[in-house]
Visitor: 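Take this structure first; my questions come after.
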2 protein chains.
Amino acid sequence: MATGRTHRPATRSRGIPEATVARLPLYLRALTALSERSVPTVSSEELATAAGVNSAKLRKDFSYLGSYGTRGVGYDVEYLVYQISRELGLTQDWPVAIVGIGNLGAALANYGGFASRGFRVAALIDADPAMAGTPVAGIAVQHTDDLDRIISDNGVSIGVITTPPGAAQQVCDRLVAAGVTSILNFAPTVLSVPEGVDVRKVDLSIELQILAFHEQRKAGEDAPAEGEDPEAPPMRATPASRKGPDGDMPAVMPA
Amino acid sequence: MATGRTHRPATRSRGIPEATVARLPLYLRALTALSERSVPTVSSEELATAAGVNSAKLRKDFSYLGSYGTRGVGYDVEYLVYQISRELGLTQDWPVAIVGIGNLGAALANYGGFASRGFRVAALIDADPAMAGTPVAGIAVQHTDDLDRIISDNGVSIGVITTPPGAAQQVCDRLVAAGVTSILNFAPTVLSVPEGVDVRKVDLSIELQILAFHEQRKAGEDAPAEGEDPEAPPMRATPASRKGPDGDMPAVMPA
DNA sequence: CCATCTTTGTGCACGCGTTCACAAAGACAT
DNA sequence: ATGTCTTTGTGAACGCGTGCACAAAGATGG
């Protein structure tokens, strides 16, 4: 293996840690901003600060991609933008389908960030017949009945679910059956998918609850310990009154 | 998923691991569903499956809260719902303010999940004077000029930012100055906050890019072997043409 | 009261991710 | 060329989170 190049392509396609992949978009964003300001190069320190991470971590992350920096100087902004874009697969077009056109679905359809990096809203799908044909963000909403065809015709491999939780799994199954292999789920439900299908979830409720936990902690720091009686309370119901059979969630969606 | 807190050792005081805290809402959701079906008890195995996690992990998570299960039987659903709710601080009321009432902000305001667990939309704030007074989800939008007063008067400690990225940091600073100590950021920007303030982020663009990475990987498995010239491309300019001055982002927001 | 069966709670080992700290690489001046 | 200075790339240590595997606890039945 001496033929070598300065760096080893060994770890290339295979070994990029998941944590690193999750940070690449962050670096890319910071780099794009620098690129627009025509900044030619950046040091790991500067870029790390801009991306809100540790410089050592950034260098290690980049080391998984290869040796793209110049010691004593830093990284070439344009070059790095290209390399990361390529690594993330953003140099190609990704048609995306959004299923569930309610408040959230419509908001996402109008989201400018979609089109910015190779992502293109190829179709909007909803179960409400009344919505069929209605234009949202310039795209006519199509009915769920045609889901399979829509996915196939547009070569959609990434689906976004913004339906009420009760419909999420069913929609997910249909998307997968139609060929979708990556799903971004906004419905507060645990989706089960076959091997090979990636699911990422965005859950407002969970995020708020995590914040509440820390908030309570902060508030309680000066207050007395909790020794009082952690288990005296009602052995029975939840503090808040239950509402529908779907007490937990959602309904960003309309119909 | 989303999220990223500003670095910090955290979790020092009460010892509950951050990873566990992040899963508690998931357990709570599953438990609530069981509760509504009047199921009295569940085994770690069943609950774990419902929450989409490993049973050993679930048991270990619960062990941080205390020994709330009964060997040979399982966990008392109602009791556990209460314990987790209490631990997460959901037994109290959390007034939340949403800043930036565009498509996304409005969608969140209408989000049913907000009210479900102690979270209450206390105020909607926007910088557009024309929106002041306009009711969204039954709440009149207020102008940014009154932000400080609004936060103080309502005792808001959790703020949600759904503004364009350019305004996010400024809004964040004002929220923090007004007393907010937890922020949920939907704007694609790295927010810098003082010690003691928690920030969690939800970034659609990043999630999609992560999915694209894996999608590309899957597609490339059977496709052509690469390895040839990882760096043949342009050393100078970016492959894609630059677009707007905000190439990266967002704009879910209107005005 | 004893035996058996179920399920929890946890000690332990492993692997990933983070961070430190530094040698090596290159730029730049003399 | 040689020396100095800057910044990368990475070896190594550390800490957190995960999952295994099992002993202990309690239920249940005879």
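Just so we're on the same page: letters track the sequence lines, and every chain starts at 1.
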Visitor: Using side-chain hydrogen bond (donor to acceptor under 3.5 Å, both in side chains) as the criterion, list what pairs up with A:Ser44, not counting sequence neighbours.
Guide: A:Arg59
Visitor: Reading DNA chain C from 5' onward, which residue's closest nucleotide shows up sooner: A:Thr70 or A:Arg23?
Guide: A:Arg23
Visitor: Between atom CG in A:Leu58 and atom P in D:dT8, what is the gap in whole Å?
Guide: 9 Å
Visitor: Less than 4.0 angstrom from a charged side-chain N to a carboxylate O is my criterion; do B:Arg117 and B:Asp93 meet it?
Guide: no
Visitor: Can you see if the side chain of B:Tyr64 gets near the phosphate of D:dC16 - specifically, an N or O under 4.0 Å from OP1 or OP2?
Guide: no
Visitor: Got a salt bridge between A:Arg217 and B:Asp198, using NZ or NE/NH1/NH2 to carboxylate O under 4.0 Å?
Guide: no
Visitor: Could you state the atom-to-atom distance from CZ of A:Phe62 to P of D:dT8 in whole Å?
Guide: 10 Å
Visitor: What is the distance from CG of A:Asp76 to P of D:dT7, rounded to the nearest Å?
Guide: 16 Å
Visitor: Classify the side chain of A:Arg71 and the base of D:dT8 as holding, or not holding, a donor-acceptor pair under 3.5 Å.
Guide: yes
Visitor: Can you name the side chain to side chain contact (heavy atoms under 4.5 Å, CB included) partners of A:Ala33, sequence neighbours left out?
Guide: none
Visitor: Is the phosphate of D:dT8 approached by A:Ser44 (side-chain N or O, under 4.0 Å from OP1 or OP2)?
Guide: yes
Visitor: Taking only side-chain nitrogens and oxygens of B:Asn54, does any of them come within less than 4.0 Å of OP1 or OP2 of D:dC20?
Guide: yes
Visitor: Between the base of D:dT18 and the side chain of B:Lys60, is there a donor-acceptor distance below 3.5 Å?
Guide: no
Visitor: Counting only side-chain N and O atoms of B:Arg59, is one of them less than 4.0 Å from OP1 or OP2 of D:dT18?
Guide: no
Visitor: On DNA chain C, nearest-nucleotide positions of A:Ala19 versus A:Val73: which is more 5'?
Guide: A:Ala19
